[in-house]
Amino acid sequence: MSTANLLTATRAPWTGKTLGLVVNPFAGMGGGVGLKGTDGSDILEEARRRGAQPLSGERAVRALTRFAKSATSFRLLTGSDDMGENAARAAGLEPIVVHRSTLGASGPADTRAAAAAMALWPVDLLIFAGGDGTARDILDAVDDRVPMLGIPAGVKMYSAVFGTTPENAGNLVSLFLEGSPAARVREAEVMDLDEAAMREDRLSAHLYGYARSPYERFLAQNAKAGSGFGEDAALDAVCRRVAAGMRPGCLYIVGPGTTMRRVMVALGLPATLLGVDAVLDGRLAGADLNERALLGLMEGHEARIVVGVLGGHGSLFGRGNQQISAEVIRRTGRDRITVISSIEKLIALGGAPLHVDTGNEEINALLSGYIRVETGPGRSTPFLVTT
Amino acid sequence: MSNELKQYPMSNELKQYQGPVWNEPIIMEMGYPGRRGVLFAPAEPEVRRQVGDVSALIPSAMRRKDAPALPEMSEPEVLYHYLRLSQQTLGMMGISLFGTCTMKYNPQINEQMAWRPEITELHPLQHEDTMQGALEIVHNMDLILREMSGMDQFVFQAGGGSEAAYLNCAVTRAYHASKGELEQRDEIIVTIATHPCDPATAAAAGFKVITLMLDENGYPSLDALKAAVSNRTAAIMVNNPDDMGVYNPEIKEWVRIVHEAGGLAFYDAANFNATMSKLRARELGFDACMFMLHKTFGTPKTGVGGPATGAYGCSAELAPFLPSPLVVRDGDRYRLDADRPQSVGKIREFLGNVQVVLKAYAWTRSMGAEGISQASDISVLSNNYMEKGLLAIRGVTRSNPEATTPRMEMTRYSLQKMKEETGVGTHDVQNRMSDFGIDPFWTSHEPWLVPEPFTPEAGEMYGKEALDKWIAVISRISDEAYSNPELVKTSPHNQPVHRLKLGVIDDPSTRAMTWRSFVKQRAARA
């Protein structure tokens, strides 16, 4: 069946959209049996031994049902069997299978191979059902060439590429297919959590990379709608303002992330997207610095820290920017920290505070309480920080 | 659900609505060469002799080289064209519960009074002795608003809420400058649920804006306020109730904290309907406030363009900074006082929109103190009545569900649940409402704090039947969303214009704001 589809698809010129679907059949299995993730074959075995049931396929169906009847024609590329094919059929779709795996033996290599096979097609959007690990594997395979969207099915989902529910992910695909202006593509964080550390109740997160991912921009009432680029413009403007306000002789430690990249762009300097840079007198004092290098550069200079809010969970320090360590923060001082975020990102936290986890209780306590977050030029919001 | 609908006998009428379809062309595509409207008699020779060459009155650089390309039409053709266009809109006359706008009926008698020559033929440069009646009305309205707010002086110069908010920032600036503290006090505090004109005007006036987020009660915590207040605080600008109908019960403490730090407190009474005659801004400690005469006080809601009036009032301490002139009473006479050296100058020309003040005065006098108090009660009661009905509808939830304080004259709802379960969101429901002859609801100011929001405001004007009908429409659309979502997502179906693709509206390259640019775009595409 899938071969026939493939032939039909290649014979006639295709004018609709092309979607890819990768289901990680084992995603999330470790969660229900208390394993905090399912990375690695031995953990998967342990999960199975504890009686874990696959759930990502069912979640994928819930998402697919949302756009299966979309008025915009589309074709769906999948992995074979439980890597997407079964879910697609359950949602009433005829998929084109572009990757075959040995049944029951799917692993990260399969995820990467399926994504890579899809990237050979003109894929408009790659949908996957899984967790942070799956997002990481797909990013490895396709980089940021193909936008991706996650159907939440994993244990750990600290990355910003997931829909809030399978249904919402499906609705977002529907908007994306319609070409609705509500569906925009942005750069979203893919986080990398160390599962081994988590099993020891330590949370160790790194910013793994950025994927292009659609999100739903809330459209305002037509009559009062602005240009539609408000968030971006305000963020750009405040980053330029912070860059322009940098004082001579002062060492600026600039954290990772896309917001911080805007600051570096405003300075006309290269940015390390996933690392920490330092700026002195308008020049790059160091790129992709570790804690020791930062402490070295701080010698003899007044230091200031500029950071963004990382991930969908509102982390300020300790997730993805561990280089800015407790000691770096202590020597800098709380009132020399500038935090920049769009107001939309703060609202998306849904009332939850910002988090710090520097590994040092004294510094965590120092950072706790209200901190001013710069949200636009001349605009700020006192926001609660907790450990 | 179908049982619920049977409780609403008017629901059958809903089905029968069909908007008129005239297929009316754009006026630039109408007309015939040589057709014309009225021919005016030539001016008399003496007039012509005195005026001379009329076209010479216009500087040559401003003169057209070619005649304007206007459609050539007769007067009735023009009249019918615009009448038909107006018939193709709902015109905010199909039960309009447009939240945050306090939609009210504008009594015809008030409109007719404002059309009288005694007011329309006044010239603002007339001597004050020749407009004693108008000045008396302005002065009396000032006294009424003083009574309602506890403030010591009102001005009506601001031509809308945003101008009055800007005036507040100008007064704030002048006040701190007079104390030598303007350099230091450069921050104005608002909340994220304050009307956006307040932070916007504060920024326009050169202040930094500190925005407080809401906690689970629907208003910011005192801790958040304390974290924001400092010796740099120039003022707070807040609505209460806010844009979501939530009344902050700690507001007196807020004002005390800001005063203690040396800042001023401004009450944006945009949502005054909830509290009319129930509380006075001054008694809560506020230094200044504003009222929207163009909504709360029964004069046409005209939005930003006017003619509207943002009545701005303040304490005696701030009064010297008010714009000039002020209308003052000297015995039996009224005069314009422009000799005010500390004044911030003008926020708009002359006395502002005196016709709007006249209509508001007529409305206030006809309502009386008791009527206004009752209107406030009805608006809060109606909203809470609606809340009962709306929250029983599948897919509808309320913002800040944990909050225990009741909503005042508005409630912000969310259709997020419906969106997740059916794919039908707030814009789809808006479109579908118009199929029932009901004006689409207001969603929310930006940024959206509540996903898929909608905000009805019942006000005091509509009867129970109208509110029931409105609820029945939402209930029907919810049924449709769960049984046939495509029906809602492709609506409207009974309107002269079907669903517009939002992407086209969003994209400047597919918009033409003038006929000329439309012709150019069409030619470029061809």
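Each chain gets a letter, A, B and so on, in the order its sequence line appears, and its residues count up from 1.
- Across Leu346(A), Ile371(A), Asn168(A), Thr165(A), the residue that shares the most heavy-atom pairs under 4.5 angstrom with chain B is Asn168(A).
- Tested against Arg412(B) for a side chain to side chain donor-acceptor pair (under 3.5 Å), the candidates Thr443(B), Asn400(B), Thr455(B), Asp243(B) yield a single pass: Thr455(B).
- Neither the backbone nor the side chain of Phe67(A) comes within contact range of chain B; no heavy atom of the residue lies under 4.5 Å from a heavy atom of that chain.
- Side chains of Glu178(A) and Ser70(A): no donor on one and acceptor on the other come within 3.5 Å.
- In this structure, the portions of Lys419(B) lying under 4.5 Å from any heavy atom of chain A include both its backbone and its side chain.
- With a 4.5 angstrom heavy-atom cutoff, Asp223(B) touches chain A via backbone and side-chain atoms both.
- Using a 4.5 Å cut-off between heavy atoms, Glu187(B) touches chain A through its side chain atoms alone.
- Of the two parts of Pro485(B), neither the backbone nor the side chain holds a non-hydrogen atom closer than 4.5 Å to a non-hydrogen atom of chain A.
- The number of heavy-atom neighbours closer than 6.0 Å to CD of Glu183(B), taken from other residues, nucleotides and ligands shown, is 12 or below.
- With a 4.5 angstrom heavy-atom cutoff, Ala203(B) touches chain A only via side-chain atoms.
- For chain B, the nearby part of Ser174(A) is the side chain; its heavy atoms alone come within less than 4.5 Å.
- At a threshold of 4.0 Å, the pair Lys345(A)-Glu189(A) counts as salt-bridged, since one of the basic side-chain nitrogens sits closer than that to a carboxylate oxygen.
- If you measure heavy-atom distances from Thr490(B) to chain A, you find no contacts under 4.5 Å at all.
- Both the sub-6.0 Å distance and the 45° axial angle are not jointly satisfied by Lys301(B) relative to the ring of Phe98(B).
- Side chains of Thr358(A) and Asn364(A): a donor-acceptor N/O pair is present below 3.5 angstrom, by distance only.
- Only the side chain of Arg66(A) comes within less than 4.5 Å of a heavy atom of chain B; its backbone N, CA, C and O stay farther away.
- Classification of the Tyr413(B)-Phe454(B) ring pair by plane angle, with boundaries at 30° and 60°, yields parallel.
- Of the atoms belonging to Ile192(B), it is side-chain heavy atoms, and not backbone ones, that fall under 4.5 Å from chain A.
- Under a 4.0 Å N-O distance rule, the pair Asp428(B)/Arg499(B) qualifies as a salt bridge.
- Per-residue counts of heavy-atom pairs under 4.5 Å with chain A were compared for Glu486(B), Glu421(B), Lys208(B), Glu420(B); the largest is that of Glu420(B).
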